[in-house]
Amino acid sequence: MKFNKFLVAGATVLLSASALVGCGSSSSKAQAPKSTVRISASDVIATMDSSMNTDVIGAQNLTNTMEGLYRYKGKDIEPAIATKVVKPTNNGLTYTFPLRTNAKWSNGDPVTADDFVYAWRRTVNPKTKSQYAYIYEGIANAKDITAGKKPVDSLGVKALDKHTFQVTLEKPIPYFDQLMTSSTFYPQNPKNVDKWGKKYGTNSKTLVFNGPYKLAKWNGPDNSWTEVKNNSYWNAKDVKVKTIQYQVVKDASTALNLYQSNKLDRVNLTGDTSKQMKGSKGYSIQKQNSTFYIEMNEKKNELFKNQKIRQALSLAINREQLTKKVLGNGTTPAHSFTPSNMSFDPQNKSKDFTSETAKTGKANATYDLAKAKKLWKEGLAETGNTGKKFNLTLLGDDTDIAKKQDEYLQNQLEKLPGLKITLNNVPFKSRLTRSSNGDFDMVVTAWNADFPDPINFLTLFTADASNNNGKWNNPEYDALVNKSMNEDANNPAARWKDMVDAQNVANEQQGVIPLYQNGAAFMTHSRVKDLDYGPSGSYNMVSLRVKD
């Protein structure tokens, strides 16, 4: 997903430091309530309607309070409402899920196969206007339904009986298990959704829950909310923390004060505050499933079609300095556009995807100015541009941090002989529009995973991909990506090799220039244990523990 989808665009009131924080002395430290974990949030919950949510804040709170077929535990996918992780039949086209007979909604209703059928049909229904309906593509008739070409009840889902749910695909989806952990595929209680209509998901009284917690005190615009253990949850015995309290804190200094005065147990830090606390007890960096990179417009500027020119631009950038000195906000240098700590070799879960492509990644995306200048000179010679000067524009966002970042990139790239970089920082929506229209020389952009699989990133840069704004094209790369999605779709080991080979091609070619993987810096009190952050980008709060 485009990176803004993980940022709630709501108009909220910033928490006042004076209203929240007393003095930071030990005498002002609050007593932590027992069996309660207190966490900062970056913004309010936009919606708790799983058909309508598009951001990580909503996804996290849906994961806390609802449950679908599967749930991540660590790196592993485990059965949730389904009683097992099922193997597809019919050449990978049919999934038949047995459901738990003891799964209930918090109002006492059983969770049934019909609840999944209802929710999935509601999400793909054009009348619902779900921004995430597209992620259902591949399930029989989903694309035609969202386009208004087929009736909603033709979706490839069926309740074989009260506790057996069947899904039919149009072609095998190798990452189908990962999709089934997503909140977009959660069931919904039809009686409850129909009762509240458009108000459904806007406050806690419009909701019933089938997950580990219940959202007890929440109204849409609230800057704080509370979740309490759901005793109706089928796996309630494994839920040990009774209460989770969230508080919106947008200012990093305020967050740190709340943490140091023992009013919050886990807070997100950014900028100088993060740099200040780095290395202190409780400080940690958590990688996100998103990467930032530079796209070069090969359609507009023939120079970028030369591989050595692209490699030279990449090698001229010191990513270590960019992430540590300029950004300082939890980002880490990236050597490929696919993030690390997201996908793991199906034959060896200890092997991260990026570790298997690290050789080509590091060779082409590690700072080496001497080599960059050599390749730049050779690239200019190969394109008949020896001795010529170039003035290229770098398009980026207009936030303060984006401006600092782009100024740094400008300084780095201008070390290549004869290259001048002009910066053009514009509002986010303008940057997206200009990128889509091809109105740029180079652009700093980003992608955040819709699901934790390398294909989510690899498909961005095939020749006909709608998000391939730079128009880099490599037939070998396209063939490998296509093979992973078709010929080898039902062979996990062969599919993995296809994707590794494709990433290596992209790394060597520098079709886009990777910059960094997004990350978040946190302070966490030692009383909080077993924060289980999965590949999907959400915490599994069933595993959460607290030491009082």
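Positions are given from 1, in the same order as the sequence printed here. Since the structure is predicted, the reported quantities are computational estimates derived from the model, not experimental observations.
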Practice prompt. Any chance you could lay out the side-chain contact (heavy atoms from CB on, under 4.5 Å) test for L394 and D441, step after step, and finish with the verdict?
Written response: CA-CA 6 Å; L394 179 64; D441 293 327; over 6 Å; no
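- In terms of modelled atom types and a separation under 3.5 Å, the side chain of N289 and the main chain of A449 share no donor-acceptor contact.
- Note that CD1 of I57 is 5.0 Å distant from CG of D43, once rounded to the nearest 0.5 Å.
- Applying the 6.0 Å contact sphere to NZ of K300 captures more than 12 heavy atoms from other residues, nucleotides or ligands.
- The shortest heavy-atom contact between S435 and V443 is OG-CG2, 3.6 Å.
- For W120 and F185, the ring centers sit closer than 6.0 Å to each other.
- In this structure, a donor-acceptor pair under 3.5 Å is present between the side chains of Y539 and Q286.
- Counting all heavy atoms, side chain and backbone alike, M342 lies closest to P454 at CE-N, 3.9 Å.
- Of all non-hydrogen atoms in P346 and P492, the two that sit nearest each other are CG-O, 3.7 Å.
- A side-chain N or O of Y408 and one of Q321 form a donor-acceptor pair less than 3.5 Å apart.
- Checked by atom type, the side-chain pair S274/Y283 shows a donor-acceptor distance below 3.5 Å.
- Between the side chain of R431 and the main chain of V426, no donor-acceptor pair closer than 3.5 Å is present.
- Residues T128 and R122 bring no donor and acceptor atom of their side chains to less than 3.5 Å of each other.
- Side chains of Q503 and T338: a donor on one and an acceptor on the other come within 3.5 Å.
- K75 forms a cation-pi arrangement with F344, by the criterion of a distance under 6.0 Å to the ring centre and an angle within 45° of the ring axis.
- Between Q510 and Q311, the side chains place no donor N or O within less than 3.5 Å of an acceptor N or O (distance only, hydrogens not considered).
- When only modelled atom types and interatomic distance are considered, D352 and S355 share no side-chain donor-acceptor pair under 3.5 Å.
- Side chains of N301 and N297: no donor on one and acceptor on the other come within 3.5 Å.
- Side-chain contact annotation: N504 with T360, donor-acceptor N/O pair under 3.5 Å present.
- At a cut-off of 3.5 Å, with distance as the only test, a side-chain donor of N141 or K150 sits close to an acceptor on the other residue.
- Taking the six-membered ring where tryptophan is involved, the planes of F353 and W496 are perpendicular, since the angle between them exceeds 60° and thus also 30°.
- With a 6.0 Å cutoff to the six-membered ring centre and a 45° limit on the axis angle, R434 does not count as a cation-pi contact of F440.
- Side chain of Y533 to backbone of N540: no donor-acceptor contact under 3.5 angstrom is found.
- Ring orientation note: the planes of Y477 and F337 are nearly perpendicular, at an angle over 60° on the 30°/60° scale.
- In this model, no donor atom of one side chain and acceptor atom of the other lie less than 3.5 Å apart for T366 and R319.
- Salt bridge K404/E407: absent, no basic N to carboxylate O contact under 4.0 Å.
- Rounded to the nearest 0.5 angstrom, L155 CG and N125 CG are separated by 10.5 Å.
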Discussion item. Working note: V267 + L256, criterion side-chain contact (heavy atoms from CB on, under 4.5 Å); need CA distance, chi angles, decisive distance, verdict.
Written reply: CA-CA 7 Å; V267 297; L256 182 59; 5.6 Å; no
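- Heavy atoms from other residues, nucleotides or ligands lying under 6.0 Å from NZ of K278 number 12 at most.
- A pairwise comparison of heavy atoms in P514 and A365 identifies CG-CB, 4.1 Å as the closest pair.
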Practice prompt. Determine, step by step, whether T462 and N468 satisfy the side-chain contact (heavy atoms from CB on, under 4.5 Å) criterion, reporting the C-alpha distance in whole Å, the side-chain angles of both residues, the deciding distance to 0.1 Å, and the verdict.
Written response: CA-CA 7 Å; T462 54; N468 185 0; over 6 Å; no
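- Between R495 and D453 there is a salt bridge, since at least one side-chain N of the basic residue sits less than 4.0 Å from a carboxylate O of the acidic one.
- Here the closest non-hydrogen pair linking S484 and I455 is OG-CD1, 3.4 Å.
- A donor and an acceptor atom, one from each side chain of S42 and K250, are nowhere located under 3.5 Å apart.
- Without hydrogens or angle criteria, N364 side chain to Q509 main chain gives no donor-acceptor distance under 3.5 Å.
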Worksheet entry | side-chain contact (heavy atoms from CB on, under 4.5 Å) evaluation trace for N518 with T291 | CA-CA 6 Å; N518 206 46; T291 53; over 6 Å; no
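- Remark: the D397 side chain and the T399 side chain contain no N/O donor-acceptor pair separated by less than 3.5 Å.
- Without hydrogens or angle criteria, Q517 side chain to S340 main chain gives a donor-acceptor distance under 3.5 Å.
- For NZ of K415, the number of neighbouring non-hydrogen atoms (other residues, nucleotides, ligands) closer than 6.0 Å is greater than 12.
- Listed for the Q307 side chain is a donor-acceptor partner under 3.5 Å among the backbone atoms of E508.
- The minimum heavy-atom distance between A381 and T386, with the atom names listed, is CA-OG1, 3.3 Å.
- Checking T422 against N391 by side-chain atom types alone, a donor-acceptor pair falls below 3.5 Å.
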Worksheet entry | Verdict with reasoning, Y293 to F461, per ring pair (Phe, Tyr, Trp, His ring centres under 6.0 Å) | CA-CA 12 Å; Y293 47 88; F461 307 111; 5.5 Å; yes
